[in-house]
**Q** 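After the structure tokens below, expect a handful of questions from me.
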Amino acid sequence: MPYELFISWRYLKAKRKQAFIWWISVISIGGVAVGVAALIIVLAVMTGFKNDIRDKILGIMAHVLIQKPGANLELNEFQGMIARLQNIPYVADISPDVNGQILMSSAGNVSGVKLHGIDPERKIAVANLEKNLKEGKIDLLQGKYANVESPTGPEREGIIIGWELARILGVFTGDEVTLILPTGRMLPTGPVPKLKKFHVVGIFSSGFYEYDAGLAYISLTSAQRFFSIGQSISGLEIRLDQIEQSSSVVRAIKARLAPAYTVQDWAEMNKSLFSAINLEKLAMFLILALIVLVAAFNIISTLVMMVMEKHSDIATLKSMGATSGSIMKIFMFEGSVIGIIGTGIGTVVGVTVCWVMDTFQLIHLEGGSYYLNHLPFTVTGVDLVLVIVAAIGICFVSTLYPARQASRLDPVAVFRYE
């Protein structure tokens with residue numbers, strides 16, 4: 001052990017002669033520990049919230065979306081695109097999609113909806129939707145069904161709607177809803193809305209309010225007929241094996257397609273939402289880092305008082321040949337040890353609290369827009385490293401001033417007044 005580290009460790013443990021300084025050191029360690037634990041817990045909450053929202057979004061929407069602005073994709077066009085893109089790494093499935101904004105009405109209410117046409121036979125494409133179904137089956141989109149209240153009436157094609165949308169319209173599985181396309185047909189008197197009745201064959205719940213209240217699904221062929229686009233589609237939806245590779249997949253797709261097509265991954269399509277979450281996470285980190293900064297001022301005061309108390313020891317060490325650099329190391333080591341011990345305790349406490357809170361779901365929520373029934377805690381390695389490096393760095397910087405003052409002590413002046 002270097003003698004500088006040995007002496008600094010002895011100074012920290014010497015609580016008989018310098019009880020006051022020893023207690024200030026303990027308080028400094030506690031301050032650092034509290035700050036580090038608070039940082040870890042808050043970052044874990046923000047990360048858990050972000051991951052929860054991401055999982056719910058990816059449970060419904062495509063990982064990568066390809067569209068042609070201002071135009072639909074023709075049959076030969078998108079079939080050739082599928083052939084060129086299906087061998088790209090991480091691409092699990094490429095499925096056609098037809099979508100558009102419509103109105104949906106029932107006997108009791110009307111609501112704006114984004115209607116999607118999907119192919120029920122593409123199991124990878126509809127896997128997440130099928131997993132989120134509370135009632136019904138995906139395969140029911142392919143048939144025609146009669147109204148439960150009028151079994152002898154005309155049969156309708158099937159539609160799957162969100163849980164909140166069903167609540168707004170006051171409908172259940174087996175009921176009928178009317179889809180309204182405002183710009184349906186053009187007559188001499190002007191545009192006439194297009195109306196078509198569908199049979200509710202399923203209700204899904206993604207846990208994301210905006211999706212549950214504003215999405216509906218019918219079969220691909222039904223959507224093409226309803227929007228009168230023939231065999232064309234609105235775009236291609238791509239599902240990936242690893243969503244973390246979405247950026248590289250987007251680059252690979254753009255390299256194989258003409259610039260006329262737009263290619264967006266899930267992060268870009270929800271850029272504003274995740275940017276807001278990341279900004280809030282950064283703001284919380286900077287605010288709570290002030291706790292560690294306050295503890296760093298305690299370290300400064302501890303070392304300043306230690307220098308005043310040990311000025312004769314410093315003079316003796318210098319007269320024995322210790323350099324100014326060695327004296328600086330003694331007090332820098334002492335402050336750094338306080339920071340490292342406090343950071344270590346805070347890390348253990350923070351990670352333990354997060355694990356207990358997330359495992360046993362101790363903080364329950366009333367729910368709301370995102371249906372969070374408990375507060376999620378997710379500790380990541382990146383957040384841990386960031387907190388540890390920031391805390392130790394702040395503590396280390398706080399040692400520089402008192403250590404420099406100690407190194408400048410003149411042993412002749414000290415012994416003159418001893």
Side-chain angles (χ1 to χ4, degrees), residues 56-57 59-61 95-182 184 192-229 234 237 367-371 373:
K56 288 177 178 178
I57 288 176
I60 294 296
M61 69 179 301
S95 58
D97 173 63
V98 174
N99 64 77
Q101 293 289 341
I102 63 165
L103 293 175
M104 183 180 296
S105 68
S106 65
N109 212 339
V110 179
S111 181
V113 176
K114 186 172 184 180
L115 182 66
H116 282 270
I118 59 175
D119 187 352
E121 295 182 356
R122 304 189 74 91
K123 295 303 180 182
I124 296 180
V126 301
N128 287 313
L129 178 60
E130 192 169 23
K131 182 177 62 176
N132 291 325
L133 281 180
K134 297 179 71 70
E135 300 176 12
K137 295 181 179 180
I138 296 289
D139 296 337
L140 297 178
L141 290 177
Q142 295 177 311
K144 290 189 176 182
Y145 310 91
N147 192 337
V148 293
E149 297 180 356
S150 303
T152 58
E155 294 184 338
R156 311 292 187 187
E157 294 175 292
I159 186 172
I160 295 175
I161 63 177
W163 179 261
E164 286 295 331
L165 181 59
R167 184 185 63 81
I168 293 170
L169 297 178
V171 298
F172 302 91
T173 52
D175 292 340
E176 286 185 353
V177 293
T178 302
L179 304 190
I180 306 170
L181 186 62
V192 177
K194 182 177 182 179
L195 286 75
K196 187 173 182 179
K197 291 184 178 294
F198 280 80
H199 185 86
V200 179
V201 296
I203 297 176
F204 71 90
S205 176
S206 67
F208 198 80
Y209 179 83
E210 281 76 6
Y211 289 168
D212 292 348
L215 288 181
Y217 295 89
I218 59 178
S219 69
L220 184 66
T221 53
S222 297
Q224 289 172 331
R225 286 195 299 268
F226 181 73
F227 289 109
S228 302
I229 59 174
S234 303
E237 293 188 344
S369 295
Y370 303 115
Y371 293 176
N373 53 15

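The residues of the chain are indexed from 1 along the displayed sequence.
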**Q** Taking the side chain as everything from C-beta on, heavy atoms only, tell me whether Ile60 gets closer than 4.5 Å to Asn128.
**A** no

**Q** With Asn132, which residues qualify under side-chain hydrogen bond (donor to acceptor under 3.5 Å, both in side chains), at least two apart?
**A** none

**Q** Under a 4.5 Å cut-off applied to non-hydrogen side-chain atoms, are Val171 and Ile161 in contact?
**A** yes

**Q** Between Ser106 (side chain only) and Leu169 (backbone N and O only), is there a donor and an acceptor less than 3.5 Å apart?
**A** yes

**Q** Between the side chain of Ser205 and the main-chain N/O of Trp163, is any donor-acceptor distance below 3.5 Å?
**A** no

**Q** Mind listing the closest non-hydrogen atom pair of Ser206 and Lys56 along with its distance?
**A** O-CG, 3.6 Å

**Q** In the structure I gave you, are the side-chain heavy atoms of Leu165 and Met104 within less than 4.5 Å of one another anywhere?
**A** yes

**Q** Looking only at heavy atoms, which two atoms of Leu215 and Tyr217 are closest? And how far apart?
**A** CD1-OH, 3.7 Å

**Q** Closest heavy-atom contact between Gly117 and Asp97?
**A** O-OD1, 3.6 Å

**Q** Who are the side-chain hydrogen bond (donor to acceptor under 3.5 Å, both in side chains) partners of Lys197, not counting sequence neighbours?
**A** Thr178

**Q** Is Glu130 salt-bridged to Lys123, cutoff N-O under 4.0 Å?
**A** no

**Q** Please examine the side chains of Phe227 and Asn99, heavy atoms only from C-beta on, and report whether any two atoms are closer than 4.5 Å.
**A** no

**Q** Nearest heavy-atom pair of Ala213 and Ile168: which atoms, and what distance?
**A** CB-CD1, 4.3 Å

**Q** At what distance, to the nearest 0.5 angstrom, does NZ of Lys144 lie from CZ of Phe198?
**A** 10.0 Å

**Q** Say you draw a straight line from CG of Asp119 to CG of Leu141; how long is it, rounded to the nearest 0.5 Å?
**A** 10.0 Å

**Q** Atom NZ of residue position Lys137 - does it have more than 12 heavy atoms of other residues, nucleotides or ligands inside 6.0 Å?
**A** no

**Q** Are any of the side-chain heavy atoms of Val200 and Ile159 separated by less than 4.5 Å?
**A** yes

**Q** Please report the C-alpha distance between Val126 and Arg122 in whole Å, then the side-chain angles of each, then the deciding distance to 0.1 Å, and finally whether the side chain to side chain contact (heavy atoms under 4.5 Å, CB included) criterion is met.
**A** CA-CA 6 Å; Val126 301; Arg122 304 189 74 91; 5.5 Å; no

**Q** Should we count CD of Glu121 as having more than 12 external heavy atoms under 6.0 Å?
**A** no

**Q** If we ignore hydrogens and angles and just use 3.5 Å, is the side chain of Tyr145 paired with the main-chain N or O of Leu140 as donor and acceptor?
**A** yes

**Q** Between Ile203 and Ala166, which heavy-atom pair has the shortest distance, and what is it?
**A** CD1-CB, 3.9 Å

**Q** Testing the basics here: between Ile102 and Ile180, what is the closest heavy-atom pair and its distance to 0.1 Å?
**A** CB-O, 3.5 Å

